[in-house]
Amino acid sequence: MWGLVSFLVSLVETALPSFGGSTAELVFVGDAMQHQAQLDRAKELGEGDYDYTDCFSLISPEIKRADYAVCNLEVPLGGPEYTGYPCFSAPDSFAKSLQEAGFDLFLTANNHTLDRLDKGARRTLLALDSLKADHTGTFQDTAQRDSLVPLIKDINGFRVAFLNYTYGTNGIKPREGVEVSMIDTLKIRKEIERARELDAEIIVAAMHWGIEYVLLENNVQRQLADFLVDQGVDMIIGSHPHVVQPMKIVRNEKEGKDVLIVYSLGNFISNMKTADTRGGAIVWTKLGRDDQGRARFESAEYELLFAAKPEGNRNFRVIPGWMEDSIPHQQRQHWEIFKRGATKVFDTHNIGVSRR
């Protein structure tokens, strides 16, 4: 009798469709920068090398807890001499420290990509490859872009495609064939179609766009977001303004699914000084499956982050809002001003995305 029951159960299980993992958590942060004061402090603490071990110690446990973590690497790893604004070049140890903090994917398409020209852009890719780190947005040449885009990762059983585009490169043009993924709707449409052909279940479009220091998205961003939603992407993650901008969950009625739009996550770590640029946000996103097994973006939450400047023997540090007591006393006022402005933006304009 029990043998027959076991046989029937096995038949039912075999007949049922098999899907990947039931949930996955992806986490995103904004611009990882290296201004001259950051370079000088890292060199001082490293006694000639560049030491970033203290920068991410408070946020790292949360980054590592996610199934996959993404940051915008807004500096080329162009080799020495290392420089800050306006033409950046950061040491490889900066990217290594971000990786050790838990970041899996580095976005490289931004307006500073070509600060050290083609040579610096190519060196960035080689440095990230040496770390065995995922990256997308810039490529050795067009042929490499064609072979590597989209980047598709299996994240806890979900096939997730990542695409990364920038509005420009500060007027610097590639001179030796480096390929930068620019915002070009025809190209974007083709690469989204390619992601579907490769059986991507979730498509993430990371957009370097908008106007610097402006706390609300503009019409160009809205139009591009509408275009991306219409093309079937599941999450749109923005960077470049260096300040936070609203987060919204909208409905793609055509495909019957929710889509996350994050217009800007602001700064992750930097030496910017104006109140709204002193920090940014971290956003957690949850993927799930419906009763047919189809992968879906399900929900998102955020928390504020503060980039504290060095005091005593400390380096620059990313301090999450839930650890605001760790902010140095002399910088508490800066945090409160930043928090008040960012909270006003999110409380007024966010749709469907609340603070954790």
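All heavy atoms count here, side chains included; hydrogens, waters and symmetry mates do not. Fair warning: this is a prediction, and the values are worked out from it, not measured in the lab.
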Might you confirm whether atom [atom1] of [X] has over 12 heavy atoms from other residues, nucleotides or ligands at distances under 6.0 Å?
{"X": "Gln330", "atom1": "CD", "result": "yes"}
{"X": "Lys119", "atom1": "NZ", "result": "no"}
{"X": "Lys248", "atom1": "NZ", "result": "yes"}
{"X": "Lys43", "atom1": "NZ", "result": "no"}
{"X": "Glu336", "atom1": "CD", "result": "yes"}

Report task. Please report the C-alpha distance between Asn164 and His208 in whole Å, then the side-chain angles of each, then the deciding distance to 0.1 Å, and finally whether the side-chain hydrogen bond (donor to acceptor under 3.5 Å, both in side chains) criterion is met. Result -> CA-CA 8 Å; Asn164 179 209; His208 205 73; over 6 Å; no
Under 4.0 Å between a side-chain nitrogen and a carboxylate oxygen: does that hold for [X] and [Y]?
{"X": "Arg65", "Y": "Glu62", "result": "yes"}
{"X": "Arg294", "Y": "Glu255", "result": "no"}
{"X": "Arg159", "Y": "Asp154", "result": "no"}
{"X": "Lys187", "Y": "Glu179", "result": "no"}
{"X": "Asp258", "Y": "Arg296", "result": "no"}

Shortest non-hydrogen contact between [X] and [Y], atoms and distance:
{"X": "Met33", "Y": "Gln38", "result": "O-NE2, 3.1 Å"}
{"X": "Gln231", "Y": "Arg189", "result": "OE1-CG, 3.3 Å"}
{"X": "Leu39", "Y": "Gly84", "result": "CD1-N, 3.8 Å"}
{"X": "Leu216", "Y": "Pro246", "result": "CD2-CG, 3.8 Å"}
{"X": "Val214", "Y": "Pro241", "result": "O-CB, 4.3 Å"}
{"X": "Ile319", "Y": "Ser326", "result": "CD1-O, 3.6 Å"}

Hey, are the side chains of [X] and [Y] touching, using non-hydrogen atoms and a 4.5 Å cut-off?
{"X": "Ser270", "Y": "Thr277", "result": "no"}
{"X": "Tyr302", "Y": "Val244", "result": "no"}
{"X": "Leu107", "Y": "Thr136", "result": "yes"}
{"X": "Met207", "Y": "Leu228", "result": "yes"}

Query - side chain to side chain contact (heavy atoms under 4.5 Å, CB included) assessment of Val229 paired with Ile261 - result: CA-CA 9 Å; Val229 171; Ile261 305 172; 4.2 Å; yes
So, [X] side chain and [Y] main chain: donor-acceptor pair closer than 3.5 Å or not?
{"X": "Thr108", "Y": "Thr113", "value": "no"}
{"X": "Ser239", "Y": "Asp31", "value": "no"}
{"X": "Asp67", "Y": "Glu25", "value": "yes"}
{"X": "Arg41", "Y": "Arg314", "value": "yes"}
{"X": "Thr343", "Y": "Arg340", "value": "no"}
{"X": "Lys96", "Y": "Pro91", "value": "no"}
{"X": "Thr166", "Y": "Gly168", "value": "yes"}
{"X": "Arg175", "Y": "Asp118", "value": "no"}
{"X": "Ser89", "Y": "Gly79", "value": "yes"}
{"X": "Asp234", "Y": "Ile203", "value": "yes"}

Query raised in the report: Do Tyr68 and Phe158 have ring centres separated by under 6.0 Å?
Result: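 No, they do not, as the ring centres are separated by 6.0 Å or more.
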Distance from [X] atom [atom1] to [Y] atom [atom2], nearest 0.5 Å?
{"X": "Gln245", "Y": "Phe346", "atom1": "CD", "atom2": "CZ", "value": "9.5 Å"}
{"X": "Asp276", "Y": "His242", "atom1": "CG", "atom2": "NE2", "value": "13.0 Å"}
{"X": "Ser299", "Y": "Ile249", "atom1": "OG", "atom2": "CD1", "value": "7.0 Å"}
{"X": "Leu125", "Y": "Gln140", "atom1": "CG", "atom2": "CD", "value": "5.0 Å"}
{"X": "Asp141", "Y": "Glu176", "atom1": "CG", "atom2": "CD", "value": "12.0 Å"}
{"X": "His135", "Y": "Asp129", "atom1": "NE2", "atom2": "CG", "value": "3.5 Å"}

Plane angle bin for [Y] and [X] - parallel if under 30°, tilted between 30 and 60°, otherwise perpendicular:
{"X": "Phe338", "Y": "Phe306", "answer": "tilted"}
{"X": "Tyr167", "Y": "His240", "answer": "tilted"}
{"X": "Tyr85", "Y": "His112", "answer": "perpendicular"}

Report task. Please lay out, stage by stage, how Tyr165 and Trp209 fare under the test ring-ring contact (aromatic ring centres under 6.0 Å, His included). Result -> CA-CA 8 Å; Tyr165 305 96; Trp209 60 2; over 10 Å; no
Report task. Test Arg222 against Glu217 for salt bridge (Lys or Arg N to Asp or Glu O under 4.0 Å), laying out the working first. Result -> CA-CA 7 Å; Arg222 293 190 199 102; Glu217 76 278 8; 3.2 Å; yes
Requested in this report: Verify ring-ring contact (aromatic ring centres under 6.0 Å, His included) between Phe103 and Phe56, making sure each step is shown before the conclusion.
Outcome: CA-CA 11 Å; Phe103 288 101; Phe56 313 113; 7.1 Å; no
Check whether the side chains of [X] and [Y] place a donor and an acceptor atom closer than 3.5 Å, and report yes or no.
{"X": "Glu303", "Y": "Trp322", "result": "no"}
{"X": "Gln223", "Y": "Asn219", "result": "no"}
{"X": "Thr124", "Y": "Arg116", "result": "no"}

**Report entry** Derivation and outcome, ring-ring contact (aromatic ring centres under 6.0 Å, His included), residues Phe88 and Phe94
**Finding:** CA-CA 13 Å; Phe88 292 99; Phe94 179 54; over 10 Å; no
**Report entry** Test side chain to side chain contact (heavy atoms under 4.5 Å, CB included) applied to Leu287 and Val160, step by step
**Finding:** CA-CA 10 Å; Leu287 306 182; Val160 183; 3.9 Å; yes
Report task. Apply the test side-chain hydrogen bond (donor to acceptor under 3.5 Å, both in side chains) to residues Gln292 and Asp290: give CA-CA distance (whole Å), side-chain angles for both, the deciding distance (0.1 Å), then the verdict. Result -> CA-CA 5 Å; Gln292 301 298 312; Asp290 63 18; over 6 Å; no
**Report entry** Positive for side-chain contact (heavy atoms from CB on, under 4.5 Å) with Pro150, one of Glu197, Arg196, Arg194, Glu191
**Finding:**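 The side-chain contact (heavy atoms from CB on, under 4.5 Å) with Pro150 is passed solely by Arg194 among Glu197, Arg196, Arg194, Glu191.
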**Report entry** CA sep, side-chain torsions, deciding dist, call: Gln34, Tyr52, side-chain hydrogen bond (donor to acceptor under 3.5 Å, both in side chains)
**Finding:** CA-CA 11 Å; Gln34 280 293 283; Tyr52 296 97; 2.6 Å; yes
